[in-house]
Asks: 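Take this structure first; my questions come after.
These values consider heavy atoms only, across backbone and side chains, with no hydrogens, waters or symmetry-generated copies. We count ligands from 1, going down the list as the structure has it; atoms in each ligand are counted the same way.
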Amino acid sequence: MNVGILGGTFDPVHLGHLSIASSAMDQAALEKVLFIPAGQPRLKRSEPSASVDHRQEMVRLATLDIPNYQVCDIEAHRPGPTYSVDTLVELSDKLGPSADLFFILGLDVLGQLDRWKEPERVLELCQLLVLNRPGEQDFDWTGFYGRIPEAKDRVQVVIAPLVDVSATDLRNRASAGEPLEGQVPDAVAEYIRQQGLYLTAGEGRTAN
Ligand code: ATP
């Protein structure tokens with residue numbers, strides 16, 4: 001069984017996330033994709049704006065009607081910063097040896113793999129399905145494989161349309177009172193409005 005893992009801050013979840021999950025699913029014949037909101041993302045430049053409970057609820061709303069997408073709460077309330085390697089160890093114990101894990105991520109995040117905790121172990125535990133992202137066209141693959149040679153056979157690039165949506169931009173739009181429809185699922189836009197999320201001025205693009 002091929003299982004996709006899409007970790008993120010989801011502050012808020014948006015159509016870019018749903019799109020990369022769908023493209024990864026097709027390319028790697030994934031049976032399901034687990035959306036895993038991070039409690040305290042370690043490599044983001046600033047704290048998440050919305051609480052983990054709000055972020056998780058938005059992911060639940062966004063994935064409600066898609067049978068093969070599931071919200072997974074194993075990172076949400078883990079004390080301290082969130083490390084993907086801990087999540088992967090926990091998931092591979094839980095799912096057993098018949099599950100092949102595929103971590104889905106954007107090129108912006110791949111470029112920081114050498115700053116993750118135990119990147120070599122991460123690459124033993126899962127393969128990476130990488131999606132291009134606007135602004136990342138000049139990714140230095142030679143430099144990347146030079147820094148992490150173990151990644152050579154463990155990274156697949158997913159060919160998919162670029163989706164120009166980011167959570168940073170959405171937080172800024174929400175704080176300016178602009179509508180979010182068309183960039184997040186309608187139920188998520190409605191939730192953000194009802195709960196009064198992101199009303200204060202947004203921060204700059206986070207580093208992940
Ligand atoms: P922020 O703008 O706050 O940094 P984000 O939009 O990058 O947030 P995250 O929740 O941090 O959203 O992203 C989770 C994962 O989804 C990361 O691997 C990121 O690279 C990927 N991702 C998010 N948006 C896109 C997109 N539009 N295209 C490709 N990958 C994306």
Side-chain angles (χ1 to χ4, degrees), residues 4-28 30 33-52 54-63 69 71-72 75-76 81-85 87-88 101-116 119 122 126-137 139 144 151 155-175 180 182-185 188 192 197-198 200-208:
I5 296 167
L6 179 48
T9 314
F10 302 115
D11 193 20
V13 64
H14 53 68
L15 296 187
H17 297 126
L18 298 180
S19 167
I20 66 174
S22 159
S23 301
M25 196 153 198
D26 290 346
Q27 169 136 345
L30 305 178
V33 176
L34 306 179
F35 285 67
I36 308 186
Q40 291 180 37
R42 189 178 66 100
L43 293 176
K44 291 276 186 185
R45 251 187 269 132
S46 52
E47 293 281 302
S49 188
S51 72
V52 70
H54 279 315
R55 291 183 285 113
Q56 194 161 263
E57 177 60 9
M58 289 188 277
V59 175
R60 192 189 70 78
L61 291 169
T63 55
Y69 291 179
V71 191
C72 171
E75 290 187 357
T82 305
Y83 296 105
S84 298
V85 69
T87 304
L88 288 162
L101 304 182
F102 292 79
F103 200 101
I104 303 163
L105 71 174
L107 259 187
D108 54 316
V109 172
L110 183 75
Q112 301 185 324
L113 187 63
D114 48 352
R115 295 175 56 205
W116 290 22
V122 167
C126 69
Q127 296 182 54
L128 304 184
L129 296 174
V130 182
L131 288 104
N132 204 344
R133 195 167 181 181
E136 300 293 330
Q137 278 73 6
F139 189 80
F144 171 73
V155 175
Q156 283 184 50
V157 175
V158 179
I159 305 301
L162 285 182
V163 187
D164 195 4
V165 185
S166 79
T168 303
D169 182 48
L170 290 167
R171 293 192 297 275
N172 289 333
R173 289 169 66 102
S175 74
L180 306 187
Q183 305 221 311
V184 301
V188 172
I192 291 170
L197 303 181
Y198 311 120
T200 52
E203 312 250 4
R205 178 92 206 268
T206 47
N208 232 310

Asks: With a 4.0 Å cut-off on heavy atoms, is D11 in contact with ligand 1?
Replies: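 No, D11 has no heavy atom closer than 4.0 Å to ligand 1.
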Asks: Between V165 and ligand 1, which residue portion shows a heavy-atom distance shorter than 4.0 Å: side chain, backbone, both, or neither?
Replies: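 It is the backbone that gets close, since no side chain atom is under 4.0 Å.
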Asks: Quick one: pull up CG in L128 and CD1 in I5 and give me the separation to the nearest 0.5 Å.
Replies: 10.0 Å
Asks: What do you reckon, does N132 put a non-hydrogen atom under 4.0 Å from ligand 1?
Replies: yes
Asks: Please identify which atoms of ligand 1 are closer than 4.0 Å to at least one heavy atom of F10.
Replies: 10 (O)
Asks: Given side chains that start at C-beta, do those of L107 and F144 come closer than 4.5 Å, heavy atoms only?
Replies: no
Asks: Return a yes/no value for D164: is any of its N or O atoms, backbone included, closer than 3.5 angstrom to an N or O of ligand 1?
Replies: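 The answer is no, given that D164 and ligand 1 share no N or O pair closer than 3.5 Å.
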Asks: If the cut-off is 4.0 Å to any non-hydrogen atom of R171, which atoms of ligand 1 fall inside it?
Replies: 3 (O)
Asks: Looking only at non-hydrogen atoms, which of E136, H17, R133, Q183 approaches atom 26 (C) of ligand 1 most closely?
Replies: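 Among E136, H17, R133, Q183, the closest heavy atom to atom 26 (C) of ligand 1 belongs to R133.
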Asks: Report the C-alpha separation of I104 and L131 in whole Å, then their side-chain angles, then the decisive distance to 0.1 Å, and conclude whether the side-chain contact (heavy atoms from CB on, under 4.5 Å) test is met.
Replies: CA-CA 8 Å; I104 303 163; L131 288 104; 3.7 Å; yes
Asks: Return a yes/no value for G106: is any of its N or O atoms, backbone included, closer than 3.5 angstrom to an N or O of ligand 1?
Replies: yes
Asks: Taking the side chain as every heavy atom from C-beta outward, state whether L197 and P12 have any pair of such atoms under 4.5 Å apart.
Replies: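 A side-chain contact is absent here, since even the closest heavy-atom pair is not under 4.5 Å.
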Asks: Hey, is L105 touching ligand 1 through its side chain, its backbone, both or neither, going by heavy atoms under 4.0 Å?
Replies: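 Both parts.
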Asks: If you count the atoms of ligand 1 from 1 in the order shown, which ones are under 4.0 Å from a heavy atom of D108?
Replies: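 Contacts of ligand 1 toward D108, numbered from 1: 19 (C), 20 (O).
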Asks: Whether the side chain of S23 engages the backbone of I20 through a donor-acceptor N/O pair (distance < 3.5 Å, no angle test) should be reported.
Replies: no
Asks: Evaluate L129 against L30 for side-chain contact (heavy atoms from CB on, under 4.5 Å), listing each step before the verdict.
Replies: CA-CA 11 Å; L129 296 174; L30 305 178; 4.2 Å; yes
Asks: Would you mind listing which atoms of ligand 1 come within a distance below 4.0 Å of any non-hydrogen atom of T168?
Replies: 1 (P), 2 (O), 3 (O), 4 (O)
Asks: List every atom of ligand 1 that sits less than 4.0 Å from any heavy atom of G7, numbering the atoms from 1 in the order shown and giving each element.
Replies: 14 (C), 15 (C)
Asks: What I want to know is whether G8 and ligand 1 share at least one N or O pair that is separated by under 3.5 angstrom.
Replies: no
Asks: Indicate the atoms forming the closest heavy-atom contact of R171 with S49, along with that distance.
Replies: CD-CB, 3.8 Å
Asks: Return a yes/no value for L6: is any of its N or O atoms, backbone included, closer than 3.5 angstrom to an N or O of ligand 1?
Replies: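 Such a contact does not occur with ligand 1.
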Asks: Kindly determine whether Q137 and L162 satisfy side-chain contact (heavy atoms from CB on, under 4.5 Å), including the steps that lead there.
Replies: CA-CA 10 Å; Q137 278 73 6; L162 285 182; 3.1 Å; yes
Asks: Verify whether the ring centers belonging to H17 and F35 lie closer than 6.0 Å.
Replies: no
